[in-house]
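No hydrogens, no waters, no symmetry mates; every other heavy atom, side chains included, goes into these values. First listed ligand is number 1; within each ligand, the first listed atom is number 1.
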Amino acid sequence: MAITTKPDSQYDALVIGAGAAGLFYGARAGEAGLRVLVIDHAAKPAEKVRISGGGRCNFTNIHTRPENFISANPHFAKSALARFTPQDFLDRLALHDIGWHEKTLGQLFCDGRSGAIIDMLLTELRETGGELRLSTSISEVARTDAGFGVITSGGVVEAERLVVASGGLSIPKMGATGLAYDIARQFGHGVIEPRAALVPFVFDGRQKDDFASISGVACPVRASNDRAAFDEAMLFTHRGLSGPAILQISSYWQAGEPVVIDLLAGLNAVSALTAFKAEHPRRSLASAMETLLPNRLVALLLERGDIPDMPRMADMSHAAIEALVEALSCWSVRPAGTEGWRTAEVTAGGVNTDELSSKTMESRLVPGLYFIGECVDVTGWLGGYNFQWAWASAHAAAQG
Ligand code: FDA
């Protein structure tokens, strides 16, 4: 396709998407002396930053390592992550007097609202000469002699570099689209099938009713499959299972597979039950289990037959205690699916990294074309890793 109209405006770099990655790129490229325009079809910039981390933006994780990211090429993210670290982002926050704190597991949050990060991104873009056009839709992208021509609702824009930062498919209500994948395919790039990740599981039939009956109950577990294991909290919901442990394992889950939940993770349950039996031989197994798990969960497990009805602990042999602990440590559930794009925090899959430079995020097929942030086939764990990828990939592209 060719764009024949004379451009209404020209820039060194045109960024599609005013989210975390696009705005951060804009400022870094501006610092490097490029004239940058960032466009977005939404009325407000960086809406996912605003709602992230419960409104306080979990903007990075101090334990960031390449192992915390999922990609068809696990080596791809290494270079960008090494060249822009969580400390580099903290240095930027210090320049803007943005306070932060660590919650758990290296997750860093703003002391105040996430809006502080958006203000920082917008201030840096403005101060480095970058421009931002919101409520601007895109109808066509093409190669031109000068680089790329993009037909937008605000006129034709031409730029030497086209930086695609339009994110993934999660939360369409917030304006997520597959534009990045369309542009990638248009220019000959492969796209690893996008799938909802960091997303709750849903169940059907009896399991759905069972879990719904204790909706709101949470407990620490280990959720695992053949590929990964996460020790965090699990939450029963009206539709199935959620909570950090479930969101994490969902990123490694394929439809139809079971997930193994260790309901007694981190507890020395055999010793605890044995000690309970010695102290309270006439009390029931259910009351013993209530010292380890939430009461409503124990009641459900009893009803399901996952815990035997044993009125007197004295009647429970050591072998029976061991067998019960073993069974509850590998409690297998088979989700019917996930809540999908409606609630997924991120999109796994995306623009295939095989055809991108890991140093600069530039296309190996089309010089001047870049993909950064969530649209790339690099997906972080829960806990600030996805924003760290947005910052690091944007920084790498701006250096390129
Ligand atoms: P992002 O999605 O942020 O930005 C893309 C931009 O492109 C958007 O502004 C969009 O409007 C625009 N766009 C899309 N299609 C377009 C089109 N066709 N035309 C023009 N513009 C278009 N991560 C983390 O590390 N810590 C956290 O605390 C959280 N919390 C969190 C909560 C919730 C509810 C969600 C949904 C997600 C998170 N995340 C997170 C994930 C994190 O928000 C996400 O990984 C980053 O925002 C990705 O940044 P990008 O800039 O790549 O895309």
### Query
Can you list the ligand 1 atoms lying under 4.0 Å from a non-hydrogen atom of Ala21?
51 (O), 52 (O)
### Task
Show your working on ring pair (Phe, Tyr, Trp, His ring centres under 6.0 Å) between Phe387 and Trp391 and close with a plain yes or no.
CA-CA 6 Å; Phe387 280 133; Trp391 319 133; 5.7 Å; yes
### Query
Which ligand 1 atoms does Tyr385 reach within 4.0 Å, using its non-hydrogen atoms?
25 (O)
#### Entry: Ligand-side contact atoms (ligand 1) for residue partner Asn58, heavy atom cut-off under 4.0 Å
24 (C), 25 (O), 26 (N), 27 (C), 28 (O)
### Task
Rounded to the nearest 0.5 Å, what's the gap from CH2 on Trp381 to CZ on Phe230? Could you check?
4.5 Å
### Query
Any idea which protein heavy atom is nearest atom 14 (C) of ligand 1, and the distance to it?
Ser166 O, 3.3 Å
### Task
Answer yes or no: does an N/O atom from Ile51 fall short of 3.5 Å to an N/O atom of ligand 1?
no
### Query
So which of Leu23, Thr177, Ile138 gets nearest to atom 15 (N) of ligand 1, if we judge by its closest heavy atom?
Thr177
### Query
Looking at Phe148, is Arg143 sitting on its ring face, NZ or CZ under 6.0 Å from the six-membered ring centre and within 45 degrees of the normal?
yes
### Message
Is it the case that the side chains of Glu362 and Ser357 hold a donor-acceptor pair, with the cut-off being a distance below 3.5 Å and no angle test?
### Response
no
### Query
Any nitrogen or oxygen of Ala46, main chain or side chain, under 3.5 Å from a nitrogen or oxygen of ligand 1?
no
## Note on the structure
Atoms of ligand 1 under 4.0 Å from any heavy atom of Val346, numbered from 1 in the order shown, are 41 (C), 45 (O)
## Note on the structure
What one should report as the nearest heavy-atom pair of Arg239 and Lys208 is O-CG, 4.3 Å
### Gly373 neighbourhood, listing ligand 1 atoms whose heavy-atom distance to it stays under 4.0 Å
52 (O)
### Message
Under 4.0 Å from a heavy atom of Ala42: which atoms of ligand 1 are those, numbered in the order shown and with their elements?
### Response
11 (O)
### Task
Ignoring angles and geometry beyond distance, decide whether Ala20 reaches within less than 3.5 Å of ligand 1 through its nitrogen or oxygen atoms.
yes
### Query
What is the closest protein heavy atom to atom 45 (O) of ligand 1, and at what distance does it sit?
Glu374 OE1, 2.8 Å
## Note on the structure
The option among Phe387, Trp391, Phe371 carrying the non-hydrogen atom nearest to atom 40 (C) of ligand 1 is Phe387
### Close approach of Gly384 to ligand 1, heavy atoms, under 4.0 angstrom
yes
#### Entry: Ala165 heavy atom under 4.0 Å from ligand 1
yes
### Message
Applying ring pair (Phe, Tyr, Trp, His ring centres under 6.0 Å) as the test, list every pair that has at least one member in residues 270-313; sequence neighbours left out.
### Response
Phe276-His280
### Task
Please lay out, stage by stage, how Glu290 and Arg283 fare under the test salt bridge (charged side-chain N to carboxylate O under 4.0 Å, His left out).
CA-CA 12 Å; Glu290 283 172 359; Arg283 287 182 62 189; over 6 Å; no
### Message
Using a 4.0 Å cut-off to any heavy atom of Gly175, which atoms of ligand 1 qualify?
### Response
14 (C), 15 (N)
### Under 3.5 Å: N/O of Asp40 near N/O of ligand 1
yes
